[in-house]
Amino acid sequence: MNDTQLNSSFPRITFLEGRGDMPMLEITTRWSTAEICLHGAHVTHFKPHGEPPLLFLSQCSRFEPYAPIRGGIPIIFPWFGKPAGQSSQHGFARIRDWTLKEIQSPADGPVTVRLALPPCEELSNAEIIVEYLVLVDVALNAELIVRNNSMRDFSFENCLHTYFSVGDIHTVSVAGLKGVEYLDQPAGFARRTETDDVIRFAAEVDRAYLNTTHAVDIHDPSLNRTIRVEKAGSNSTVVWNPWMAKAKALSDFGDDEYLRMVCVESGNVAENRLTLAPGQSASLKIKLSSAALR
Ligand code: BG6
């Protein structure tokens, strides 16, 4: 984007038929651009001006009605992984078409988009209300709100499964999880404690860190930046990179794309699952920002 474009009026919001003819919003603020697909209420792109994109999106992603998008921020709800008895992995929120409820776009300010998951049988029709707010600013903020309007407890897992774009996974380190217990999926969900100051990547990493509310920093020397993942209403952080063999096995992911991404996911999974009593609600928030490495 050049200076002339930056000096024109902001924000700019465009509705498009995106890939796979899926309705999407393109948002440009004074500070950043973002794209949100109504399929899955999926933020597929966020880029502060003058920087490479913060979010990774696979070149091989499907944009199809019953498939999740590979990259960006899939919304994982109401279950994480593939519990016994469930037919799909990571819940159904990421493969449903959400309803656009509201856009707030004050002149020269940030843009807030509010989306809602349409009522469905699995959520007792309109008794469990699920909304998603995306605030496009210098940073990207997102909030998933679940309200239990039923007469019974409602129990669920949630996760904002964020794919970050990195220059070279071999030089990336993830800080903020030292001393935290995690379930190590490649080792059959063995329970371990993180002893390293930072996590580095030289093989598949698929870990659900539990009982942690801390922010996480992704240091990326090849893009000369640190991405900060701040969160609220989240007791779990999942760190995932599929590495070589799993990348090849994923049909919607390029063989070499594991080199340029890492997932740091904020939510409440496994023993951190949430239970809402009638009338209660839960909010899961993330704030994604970046700064040059010092
Ligand atoms: C991560 C899980 O959150 O998501 C991994 O911990 C999983 O086990 C990954 O492979 C991707 O899942 P999916 O369903 O999008 O391929």
Side-chain angles (χ1 to χ4, degrees), residues 20 37 39-44 55-96 142 144 156-166 169 172 174 177 180-192 194 199 201 203-212 216 218 229 231 234-273 284 286 288:
C37 199
H39 181 63
H42 201 121
V43 180
T44 51
L55 301 179
F56 164 90
L57 179 65
S58 171
Q59 298 294 314
C60 305
S61 178
R62 284 193 284 267
F63 285 84
E64 290 167 5
Y66 299 104
I69 294 168
R70 176 73 67 193
I73 314 181
I75 298 176
I76 308 305
F77 173 86
W79 62 83
F80 182 87
K82 198 166 178 307
Q86 298 295 0
S87 54
S88 61
Q89 161 126 323
H90 286 342
F92 50 78
R94 65 178 180 167
I95 53 170
R96 295 276 160 89
L144 181 70
F156 62 97
E157 295 170 289
N158 60 7
C159 200
L160 298 176
H161 187 312
T162 313
Y163 287 72
F164 293 98
S165 177
V166 297
I169 192 68
V172 164
V174 171
L177 294 163
V180 178
E181 281 197 326
Y182 64 92
L183 302 177
D184 193 1
Q185 173 142 196
F189 296 95
R191 199 176 184 98
R192 305 189 198 280
E194 186 58 67
I199 301 158
F201 300 84
E204 180 188 2
V205 170
D206 188 355
R207 302 177 184 169
Y209 290 85
L210 301 171
N211 306 312
T212 175
V216 167
I218 303 167
V229 184
K231 62 178 193 162
S234 158
N235 285 314
S236 317
T237 295
V238 178
V239 179
W240 181 59
N241 181 290
W243 214 251
M244 210 178 294
K246 201 161 215 178
K248 285 199 170 124
L250 293 170
S251 60
D252 59 347
F253 190 80
D255 288 359
D256 293 334
E257 287 186 324
Y258 74 95
L259 295 167
R260 297 188 298 281
M261 58 68 69
V262 65
C263 286
V264 173
E265 313 166 27
S266 306
N268 298 282
V269 308
E271 66 202 49
N272 292 145
R273 68 185 292 118
L284 164 63
I286 55 170
L288 313 177

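Heavy atoms only: backbone and side chains are in, while hydrogens, waters and symmetry mates are out. Indexing begins at 1, ligand by ligand and atom by atom, following the structure's order.
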Any idea which residues sit under 4.0 Å from ligand 1, heavy-atom distances?
-> Arg70, Phe80, Gln89, His90, Arg94, His161, Gln185, Asp206, Val238, Trp240, Glu265
Are Arg94 and Ile76 close enough, and set up right, to give a side chain to side chain contact (heavy atoms under 4.5 Å, CB included), and what steps lead you there?
-> CA-CA 6 Å; Arg94 65 178 180 167; Ile76 308 305; 4.0 Å; yes
With side chain to side chain contact (heavy atoms under 4.5 Å, CB included) as the test, would you mind laying out the steps for Glu257 and Phe56 before giving the verdict?
-> CA-CA 9 Å; Glu257 287 186 324; Phe56 164 90; 3.8 Å; yes
Before giving the answer on side chain to side chain contact (heavy atoms under 4.5 Å, CB included), spell out for Ser251 and Arg62 the whole-Å C-alpha distance, their side-chain angles and the decisive distance to 0.1 Å.
-> CA-CA 9 Å; Ser251 60; Arg62 284 193 284 267; 3.2 Å; yes
Would you check if Glu271 and Asn211 make a side-chain contact, meaning some heavy-atom pair closer than 4.5 Å?
-> yes
Take Thr237 and Val264 through the test side chain to side chain contact (heavy atoms under 4.5 Å, CB included) and record every step on the way to the result.
-> CA-CA 7 Å; Thr237 295; Val264 173; 4.0 Å; yes
What residues, two or more places apart in sequence or in another chain, satisfy side-chain contact (heavy atoms from CB on, under 4.5 Å) together with Ala190?
-> Ala187, Arg192
